[in-house]
A.B. asks: 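My questions will all concern the structure given below.
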Amino acid sequence: MPDAVEETRVWVRLDSPLGDLVAARTERGLRGVWFADHRGGFPTVLGTRTEPGADPVLDDLGGQLREYFAGARREFRLPLDPVGSPFELRVWAALREIPYGATRSYGDLARELGGIGHAQAVGAANGRNPLSIVVPCHRVVGTAGALTGYAGGLWRKRFLLSLEEPDAAEAARLF
């Protein structure tokens, strides 16, 4: 979705236990966090590349990600600036309400957002989440806990669930 006005964008490549991440921000906040091999890719126009240590918002993200992967952070506190439809923004806000170590099904989120008939729309919006890890779309599972699609790959989803709650990841089934 194109932006209405031209804006400054800065991006950085960050190391993580799950491989390289690409993170971009605008003046308003974090625009995206994608895996370098993210299914569907990431925007080709990210702006100006910076190096770790050179941008306060992206450096804060890097520090919070390190804390998260070390088990010392349960939620991210960063200014966010995702671009999406009004429904996608509602879904992404609902994802942020799923507690660390917990999971919800697509049907659960659909009921919260207006009815079980919205489960496919919730799944599609979840799949378009531009803020991997920070907006925890990995906490959404299929019926009966089945591990279903994840733009970073199911192995990363399992890793993240295991990091947050080893018992929940063990109970989740791969299909």
A.B. asks: Closest approach of L113 and R90, non-hydrogen atoms and distance?
C.D. replies: O-NH2, 3.0 Å
A.B. asks: Going by distance alone, is a donor N or O of one side chain under 3.5 Å from an acceptor N or O of the other, for T143 and Y106?
C.D. replies: no
A.B. asks: Are side-chain heavy atoms of L80 and L131 found at a separation under 4.5 Å?
C.D. replies: yes
A.B. asks: If I compare all heavy atoms of A119 with all of A110, which pair ends up nearest, and what's the gap?
C.D. replies: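 Looking at all heavy atoms of both residues, the shortest contact is N-CB, 3.5 Å.
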A.B. asks: Output the distance between atom NE2 (H138) and atom CD1 (I133), rounded to the nearest 0.5 Å.
C.D. replies: 7.5 Å
A.B. asks: Whether R139 and E164 form a salt bridge (side-chain N of Lys/Arg under 4.0 Å from carboxylate O of Asp/Glu) is what I want to check.
C.D. replies: yes
A.B. asks: Under the side chain to side chain contact (heavy atoms under 4.5 Å, CB included) criterion, do V141 and R104 qualify, and how do the steps go?
C.D. replies: CA-CA 6 Å; V141 296; R104 298 286 184 276; over 6 Å; no
A.B. asks: Spell out, yes or no, whether L30 and F76 are grouped together once hydrophobic residues are joined by side-chain heavy atoms under 4.5 Å, including indirect joins.
C.D. replies: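 Yes; F76 is reachable from L30 via cluster members.
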A.B. asks: Step by step, work out the side chain to side chain contact (heavy atoms under 4.5 Å, CB included) result for L21 and L65.
C.D. replies: CA-CA 10 Å; L21 296 169; L65 282 167; 3.8 Å; yes
A.B. asks: What pair of heavy atoms forms the shortest contact from D108 to R111, and how long is it?
C.D. replies: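 Of all heavy-atom pairs spanning D108 and R111, the closest is OD1-NH2, 2.9 Å.
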A.B. asks: What distance do L58 atom CG and L14 atom CG have between them, rounded to the nearest 0.5 Å?
C.D. replies: 7.0 Å
A.B. asks: If you take all heavy atoms of F35 and G152, which pair is closest and at what distance?
C.D. replies: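 The answer is CD1-CA, 3.5 Å.
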A.B. asks: Using side-chain heavy atoms (C-beta onward) and a distance below 4.5 Å, is E88 in contact with N129?
C.D. replies: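 They are not in contact (no side-chain heavy atoms under 4.5 Å apart), so the answer is no.
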A.B. asks: Between E75 and R77, does any NZ, NE, NH1 or NH2 come within less than 4.0 Å of an OD or OE carboxylate oxygen?
C.D. replies: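 Salt bridge present between R77 and E75.
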A.B. asks: Which pair of heavy atoms, one from C137 and one from N126, lies closest together, and at what distance?
C.D. replies: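 Distance-wise, the nearest heavy atoms are CB-OD1, 3.1 Å.
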A.B. asks: Report yes if some heavy atom in the side chain of Y68 is under 4.5 Å from a heavy atom in the side chain of L160; otherwise report no.
C.D. replies: yes
A.B. asks: Go through the steps to decide whether L95 and V140 satisfy the test side chain to side chain contact (heavy atoms under 4.5 Å, CB included), and finish with yes or no.
C.D. replies: CA-CA 8 Å; L95 296 175; V140 182; 3.3 Å; yes
A.B. asks: How many angstroms lie between CG in L61 and CZ in R66, if you round to the nearest 0.5 Å?
C.D. replies: 9.0 Å
A.B. asks: For the CG atom of L109 and the CD atom of E97, what is their distance to the nearest 0.5 Å?
C.D. replies: 11.0 Å
A.B. asks: For R25, run the salt bridge (Lys or Arg N to Asp or Glu O under 4.0 Å) check against D60, D81, D55 and tell me which one passes.
C.D. replies: D55
A.B. asks: So P130 and V83, do their side chains get closer than 4.5 Å, heavy atoms only?
C.D. replies: no
A.B. asks: Indicate, with yes or no, if V57 and V10 share a hydrophobic cluster defined by side-chain heavy-atom contacts under 4.5 Å among Ile, Leu, Val, Met, Phe, Trp and Tyr.
C.D. replies: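 Per the 4.5 Å side-chain linkage, V10 and V57 are not co-clustered.
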A.B. asks: Would you say CG of D15 has more than 12 non-hydrogen atoms from neighbouring residues, nucleotides or ligands within 6.0 angstrom?
C.D. replies: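 Not buried by this count: 12 neighbours or fewer within 6.0 Å.
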A.B. asks: Are side-chain heavy atoms of R158 and L147 found at a separation under 4.5 Å?
C.D. replies: yes
A.B. asks: For the residue pair R156 and Y150, would you count it as a cation-pi contact if the rule is NZ or CZ under 6.0 angstrom from the ring centre and within 45 degrees of the ring axis?
C.D. replies: no
A.B. asks: State the CD-CG distance between Q64 and D59, to the nearest 0.5 angstrom.
C.D. replies: 11.5 Å
A.B. asks: When you look at F159 and F69, which way does the side chain to side chain contact (heavy atoms under 4.5 Å, CB included) test go after all the steps?
C.D. replies: CA-CA 10 Å; F159 178 97; F69 285 120; 4.0 Å; yes
A.B. asks: I need the L18 CG to S132 OG distance, nearest 0.5 Å.
C.D. replies: 10.0 Å
A.B. asks: Which heavy-atom pair separates R13 from A36 by the least distance, and what is that distance?
C.D. replies: NH1-CB, 3.4 Å
